[in-house]
Q: 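Would you mind keeping the following structure in view while I ask a few things?
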Protein chains: 2
Amino acid sequence: MNYTYRHARPAVTADCVVFGLDEEDLKVLLVQRGQEPFQGHWALPGGFAVVGEALEDTARRELAEETGLKDVFLEQLYTFSDPQRDPREHVVTVAYYALVNLSDHPVQAATDARSAAWFCIDDIPKLAFDHDRILQTAYERLRGKITYQPIGFELLPEKFPLRMLQGVYEKILDRPLDKRNFRKKILSMEILEELDEIETDVGHRAARLYRFNKRVYDDKVKQGFIFEL
Amino acid sequence: MNYTYRHARPAVTADCVVFGLDEEDLKVLLVQRGQEPFQGHWALPGGFAVVGEALEDTARRELAEETGLKDVFLEQLYTFSDPQRDPREHVVTVAYYALVNLSDHPVQAATDARSAAWFCIDDIPKLAFDHDRILQTAYERLRGKITYQPIGFELLPEKFPLRMLQGVYEKILDRPLDKRNFRKKILSMEILEELDEIETDVGHRAARLYRFNKRVYDDKVKQGFIFEL
DNA sequence: CCTCCTTAGTGTTTATTTGACACTAATATA
DNA sequence: TATATTAGTGTCAAATAAACACTAAGGAGG
């Protein structure tokens with residue numbers, strides 16, 4: 001089936017920069033391309049827009065198809081429209097970034113014969129298209145965003161100790177933070193619920209677990225509260 | 001001439017939210033639509049993507065064609081892709097926002113038979129498509145952005161008194177600022193050149209003029225300096 | 001030329017926020 | 001029971017932000 005239009009149209013795609021966090025590092029999810037161009041190269045998961053589907057849905061759908069990830073935190077990043085960014089033709093891509101926690105979302109074999117894998121943020125191979133640039137833009141945005149919005153929770157399991165949350169900030173900002181000051185600050189926002197549970201299976205004193213309270217957070221956002229770290 | 005593709009493609013447009021400032025108010029530049037849909041309604045200037053042209057260039061070109069404005073400060077805002085946002089078909093629009101100074105850029109008769117006019121930000125008519133929503137998004141972005149990046153200069157003539165700059169901030173943030181604290185803060189950034197000139201044609205003591213020094217500013221940005229007001 | 005009106009320009013004090021810093025408590029393991 | 005590891009907690013100093021009011025300059029109008 002072919003589609004004909006009176007004027008030439010650029011193709012439209014949606015791509016995702018998916019950030020994940022394990023005990024060690026901040027990671028990015030990449031897929032290996034099965035076709036030309038850039039066959040065999042690693043690339044951001046993504047795919048072509050479908051008429052009648054919002055691009056955020058396209059991004060989510062492609063992400064699920066190529067990597068198995070669902071229900072992730074997803075925000076629009078930027079739209080890249082350089083006519084040369086795809087060697088075949090003019091392709092406009094709307095890039096999104098996603099945050100997932102690796103414990104809930106293990107690396108999954110790709111469902112459509114491409115392989116998917118997590119790469120450490122500072123050990124990324126040369127990517128297909130202009131995906132290096134997209135990734136860099138996403139990383140900068142993430143660093144900028146986390147300092148004034150508590151999005152770090154999206155990278156953690158539902159219940160987590162404060163040490164882990166501090167680790168998120170340290171890994172994204174790439175600098176150490178003072179434990180006491182960090183706790184003071186994050187607790188003063190009053191968006192964490194202190195649970196009556198502690199960690200298990202740790203080889204030392206177990207820490208108390210906390211949970212992000214999205215209801216309270218949304219209320220505070222509405223009242224104009226600023227969450228600067 | 002027709003163009004045929006193997007898969008259906010959404011149309012792509014670029015739209016601009018152009019902010020201007022006069023002595024009184026923050027204003028937005030709108031054009032009156034000459035065709036259906038929404039014939040006669042006011043809308044954001046913009047138009048269809050051209051294959052081979054980056055969307056920012058599309059935005060600039062359309063802005064020049066429809067309103068005569070050139071060489072404006074332009075940044076990407078957000079991409080809107082709701083399939084229902086245009087009644088004809090699925091149209092993805094990449095929205096930009098622009099800042100211009102009304103003194104250098106007087107309202108110009110549209111070159112392609114549509115009329116263009118400045119509207120006060122809090123007296124905007126119902127707009128075509130989802131342009132209300134785009135405008136609202138742009139206004140929020142502008143307010144957010146100006147508190148941590150000195151973009152206010154883009155709305156002013158090259159040489160301006162500090163009072164005028166304070167006016168920019170007050171009009172965008174929609175609250176009064178303390179004169180002494182504002183001056184202290186903005187001068188401490190050291191991105192303003194104090195000129196040996198003063199205002200003319202004012203019915204009172206003339207104020208010293210300043211000029212934004214972009215070179216110095218860019219240097220400081222590179223060194224990670226933060227420009228928070 | 002004198003008065004009045006309008007805006008320019010300038011510092012200090014106080015309150016708040018940030019940043020630096022070190023020890024005791026709890027639990028697991030050897 | 002000794003050791004190792006991380007949890008958890010408060011104070012003080014420095015920097016920043018916020019509140020606040022008067023004198024100076026110049027134009028307009030009598």
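Proteins come first, then strands; the chains are lettered A, B, ... in the order of their sequence lines, and each starts at number 1.
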Q: I need the NE2-C1' distance between B:H204 and D:dA24, as an integer number of Å.
A: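 Whole-Å distance recorded here is 14 Å.
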Q: Check whether the ring centres of A:F182 and A:Y169 lie less than 6.0 Å apart, and answer yes or no.
A: yes
Q: Given that A:L187 and B:A206 both sit by DNA chain D, which one's nearest nucleotide is further toward the 5' end?
A: A:L187
Q: Of the options C:dA8, D:dG8, D:dT11, whose atoms approach the side-chain atoms of A:K184 most closely?
A: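 Given the options C:dA8, D:dG8, D:dT11, the side chain of A:K184 is closest to D:dT11.
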Q: Nearest whole Å is fine: how far is C:dA8 C1' from B:F182 CZ?
A: 15 Å
Q: Rounded off to whole Å, could you give me the CZ-to-P distance for the A:R205 and C:dA28 pair?
A: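 These atoms are roughly 11 Å apart.
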Q: Would you say A:I191 and A:F153 make side-chain contact, with heavy atoms under 4.5 Å?
A: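 A side-chain contact under 4.5 Å exists here.
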Q: If you assign each of A:K179 and A:V202 to its closest nucleotide in DNA chain C, which residue comes earlier from the 5' end?
A: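 The residue mapped nearer the 5' terminus is A:K179.
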Q: Side chain of A:R183: nearest nucleotide among D:dG8, C:dT6, C:dC21?
A: D:dG8
Q: Please give, in whole Å, the distance from C:dA28 P to A:E199 CD?
A: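 After rounding, the reported distance stands at 11 Å.
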Q: B:R180 side chain N/O closer than 4.0 Å to the phosphate oxygens (OP1, OP2) of C:dG9?
A: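 The answer is no; no side-chain N or O of B:R180 sits under 4.0 Å from OP1 or OP2.
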Q: Choose from D:dG8, D:dC20, C:dA8 the nucleotide whose nearest atom is closest to any side-chain atom of B:D178.
A: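 Selected nucleotide: D:dC20.
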Q: Expressed as a whole number of angstroms, how long is the span from A:I198:CD1 to D:dG8:C1'?
A: 13 Å
Q: Is the distance between the ring centroids of B:F212 and B:F160 under 6.0 Å?
A: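 B:F160 vs B:F212: aromatic centres not under 6.0 Å.
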Q: To the nearest 0.5 angstrom, please state how far the CG atom of A:D196 sits from the CG atom of A:L209.
A: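 Those atoms lie 10.5 Å apart.
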Q: Any side-chain N or O of B:K185 under 4.0 Å from OP1/OP2 of D:dA17?
A: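 For D:dA17, OP1 or OP2 has a side-chain N or O of B:K185 closer than 4.0 Å.
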Q: What is the distance from CE of B:M189 to P of D:dT16, rounded to the nearest Å?
A: 13 Å
Q: Between C1' on D:dA7 and CD on A:E194, what's the gap in Å once rounded to a whole number?
A: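 A:E194 atom CD is separated from D:dA7 atom C1' by 13 Å.
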Q: Measure the distance from CG on B:D201 to P on D:dA28 and round it to the nearest whole Å.
A: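 Checked: the CG to P distance equals 9 Å.
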Q: Check the pair B:Y217, B:F227 against ring-ring contact (aromatic ring centres under 6.0 Å, His included), reporting the backbone distance first and the verdict last.
A: CA-CA 10 Å; B:Y217 170 69; B:F227 296 92; 4.9 Å; yes
